[in-house]
Protein chains: 2
Amino acid sequence: MMLKSAIQLAEKLADVSGKIICQSFRQPYLQTETKSNEVSSIVTIADQKAESAMVELISLEAPQDGIIREEGDNISSESGLYWVLDPIDGTAAFTKGLPIFGTLIGLVDLNKNTTILGIVNQPILKERWLGVTEEVTRLNHQPLINVYAKETNNKLQDACLTSTTPLMFITERQKAIATQLQQICKRTAFGGDCYNYVSLASGWSAMPMVILESDLKYYDFCALIPIIEGTGGVITDWQGQSLNATSTEILAASNPVLHQQALAVISG
Amino acid sequence: MMLKSAIQLAEKLADVSGKIICQSFRQPYLQTETKSNEVSSIVTIADQKAESAMVELISLEAPQDGIIREEGDNISSESGLYWVLDPIDGTAAFTKGLPIFGTLIGLVDLNKNTTILGIVNQPILKERWLGVTEEVTRLNHQPLINVYAKETNNKLQDACLTSTTPLMFITERQKAIATQLQQICKRTAFGGDCYNYVSLASGWSAMPMVILESDLKYYDFCALIPIIEGTGGVITDWQGQSLNATSTEILAASNPVLHQQALAVISG
């Protein structure tokens with residue numbers, strides 16, 4: 001599959017999922033289920049419908065590709081390419097009626113272990129980020145500038161530390177690392193999900209950002225990798241290694257200097 | 001001051017503060033200060049400018065009224081009326097570039113201990129809630145319907161529990177109560193600030209809501225009281241008492257039934 005075709009399909013996936021999600025936003029009594037084996041993890045009918053629509057479109061336009069997804073079983077690939085889908089990242093925000101969730105669409109080549117592209121689509125605010133490996137990330141087709149990317153004097157003491165929820169730090173080691181970084185950074189802000197990462201990529205925050213998360217799945221971060229890297233940000237695991245399908249601990253920063261300092265805290 | 005004039009002035013305050021805040025949104029390197037005596041509480045230049053503009057307008061149009069505000073000293077009242085101002089509630093979201101902060105404008109009569117009106121203004125999304133005591137709350141002039149208000153069968157087990165951050169629970173008693181409610185409710189969602197309350201008032205959430213917060217100041221919740229009550233929600237302190245200028249622990253719910261159940265958990 002050519003890159004241009006892949007981008008076109010990714011955009012179509014964002015279009016079809018976005019339409020479905022907008023119909024369910026701010027709808028009371030929305031049908032929800034608690035996932036059987038995950039405490040207080042909620043899946044809405046919007047998640048399921050949006051994912052089904054994307055899966056159907058892929059099976060029509062790229063039947064040779066596989067699918068790794070949040071709400072259903074994975075589909076194997078003949079091409080080595082996998083679409084990695086999370087219809088609603090930020091379900092808590094979505095269920096509260098806050099427009100800071102996103103649809104995550106990643107495309108990876110698992111034979112070569114490379115991420116090809118990633119989309120974050122916010123259908124209510126009509127914001128769509130597209131990251132393509134080795135290209136500048138775009139928001140609604142406009143190239144983004146992360147003004148913090150080239151900073152060499154940033155200190156953790158000047159940064160905003162972000163995690164979606166403190167409940168994602170499960171082990172004693174994770175809790176200790178999170179607490180230590182919270183004490184060093186200028187400010188800690190919970191909430192945000194994928195919106196924290198696109199804010200980092202967009203250089204929107206009033207101060208440089210460090211994002212520390214754990215207990216994530218591949219579909220939670222795959223699409224974010226080219227989006228962050230495409231504006232000079234850094235995203236790795238807590239050991240500084242490249243992310244892959246089995247990673248669960250994520251560290252992102254507005255620039256390499258902050259990323260190195262956070263890694264130093266993590267490794268003690 | 002007649003109610004109609006008060007509403008007009010409140011709307012003007014939202015207009016002038018909104019313009020200033022929009023200019024600073026998603027601006028990197030935004031000037032910030034850490035408040036001297038509050039760890040990791042950040043005030044931005046936008047907070048200060050927006051508040052100054054509101055104070056100036058009140059001194060011109062209602063010089064007899066007092067002001068209780070976040071960023072500066074209070075101003076005493078000749079009329080008994082006080083404007084209660086928080087230019088940016090949700091500074092963390094604002095500094096990250098997330099449009100889920102709000103400007104809170106309340107008007108109270110401290111002689112009679114009554115709240116007259118409250119506005120939450122979200123200038124980026126152009127959403128403005130107006131609550132007037134004993135009237136139906138309006139969003140952009142349209143009356144709101146909180147569909148959960150009249151539910152009599154709701155259980156905490158069906159509700160979404162929300163708190164802006166777990167760090168707001170400081171004492172062992174507060175932490176124990178928060179943890180207990182988190183374990184009972186269907187879902188816990190952090191983040192959101194004032195946006196949680198307007199979502200509750202608007203009946204937007206996929207399931208009924210309970211909001212548990214502590215360590216709040218008067219300007220954090222004053223404007224929210226008529227907005228919540230004006231669509232059938234309940235907002236009190238953790239003992240079920242009416243809120244006043246010295247309250248710090250807030251409990252809000254989509255309806256009286258859920259509120260009573262949460263009070264029962266709190267009182268043990």
Side-chain angles (χ1 to χ4, degrees), chain A residues 24-32 34 39-42 44-46 90-100 124-125 145-148 151 158 160-167 182-183 185-193 195-196 198-200 202-209 211 254, chain B residues 24-32 34 39-42 44-46 90-100 124-125 145-148 151 158 160-167 182-183 185-193 195-196 198-200 202-209 211 254:
Chain A
S24 296
F25 186 60
R26 296 186 177 173
Q27 296 301 310
Y29 299 112
L30 193 67
Q31 194 184 327
T32 61
T34 303
V39 177
S40 66
S41 179
I42 300 242
T44 67
I45 195 81
T91 311
F94 177 80
T95 54
K96 287 197 292 183
L98 277 57
I100 53 163
I124 307 297
L125 304 181
I145 297 171
N146 160 17
V147 297
Y148 301 115
E151 287 284 357
D158 307 317
C160 178
L161 178 70
T162 291
S163 315
T164 294
T165 163
L167 303 179
Q182 286 164 19
Q183 287 165 349
C185 289
K186 182 165 185 175
R187 166 127 212 173
T188 299
F190 294 109
D193 302 277
Y195 224 81
N196 293 322
V198 293
S199 174
L200 185 154
S202 308
W204 278 345
S205 54
M207 61 198 86
M209 289 177 75
I211 304 175
S254 295
Chain B
S24 296
F25 186 61
R26 296 184 176 173
Q27 296 302 310
Y29 299 111
L30 192 67
Q31 193 184 328
T32 60
T34 303
V39 177
S40 64
S41 179
I42 300 246
T44 67
I45 196 81
T91 311
F94 177 81
T95 54
K96 286 197 293 184
L98 277 57
I100 54 163
I124 306 299
L125 304 181
I145 296 171
N146 160 17
V147 298
Y148 301 114
E151 288 282 359
D158 307 318
C160 178
L161 177 69
T162 291
S163 316
T164 294
T165 161
L167 302 180
Q182 285 164 20
Q183 287 165 349
C185 289
K186 182 165 185 175
R187 164 127 213 170
T188 300
F190 295 109
D193 302 278
Y195 223 81
N196 293 322
V198 293
S199 174
L200 185 155
S202 308
W204 278 345
S205 54
M207 61 197 87
M209 288 177 75
I211 305 175
S254 295

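Given the structure is predicted, the values throughout are model-derived calculations rather than measurements.
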- Item | A:Tyr29 to B:Tyr148 - nearest heavy-atom pair and separation | N-OH, 2.8 Å

- Item | Gap between atom CG of B:Leu98 and atom CG of A:Leu98 - 0.5 Å precision | 9.0 Å

- Message: Within the structure provided, determine whether B:Pro28 and A:Val147 are in side-chain contact (heavy-atom separation under 4.5 Å).
- Response: yes

- Task: Between chain A and each of B:Leu125, B:Thr162, B:Leu167, count heavy-atom pairs under 4.5 Å; write down the option with the most.
- Result: B:Thr162

- Side chain from CB out, backbone as N, CA, C, O: work out which of these in A:Glu151 comes under 4.5 Å of a heavy atom of chain B, or both, or neither. side chain

- Query: What part of A:Leu200 lies closer than 4.5 angstrom to a heavy atom of chain B: side chain, backbone, both or neither?
  - Reply: neither

- Nearest non-hydrogen partners of B:Gly191 and A:Lys96, listed with the distance: O-NZ, 3.1 Å

- Query: What distance separates B:Arg26 CZ from A:Ser199 OG, expressed to the nearest 0.5 Å?
  - Reply: 7.5 Å

- Applying a strict 4.5 Å limit to non-hydrogen atoms, the region of A:Ile124 in contact with chain B is neither

- Task: Using a 4.5 Å cut-off on heavy atoms from C-beta on, say whether the side chain of B:Pro99 contacts that of A:Tyr195.
- Result: yes

- Query: Is it the side chain or the backbone of A:Ser202 that comes within 4.5 Å of chain B heavy atoms, both, or neither?
  - Reply: neither

- Report the C-alpha distance between A:Thr164 and B:Phe190 in whole Å, list the side-chain angles of each, state the deciding distance to 0.1 Å, and finish with yes or no for side-chain contact (heavy atoms from CB on, under 4.5 Å). CA-CA 8 Å; A:Thr164 294; B:Phe190 295 109; over 6 Å; no

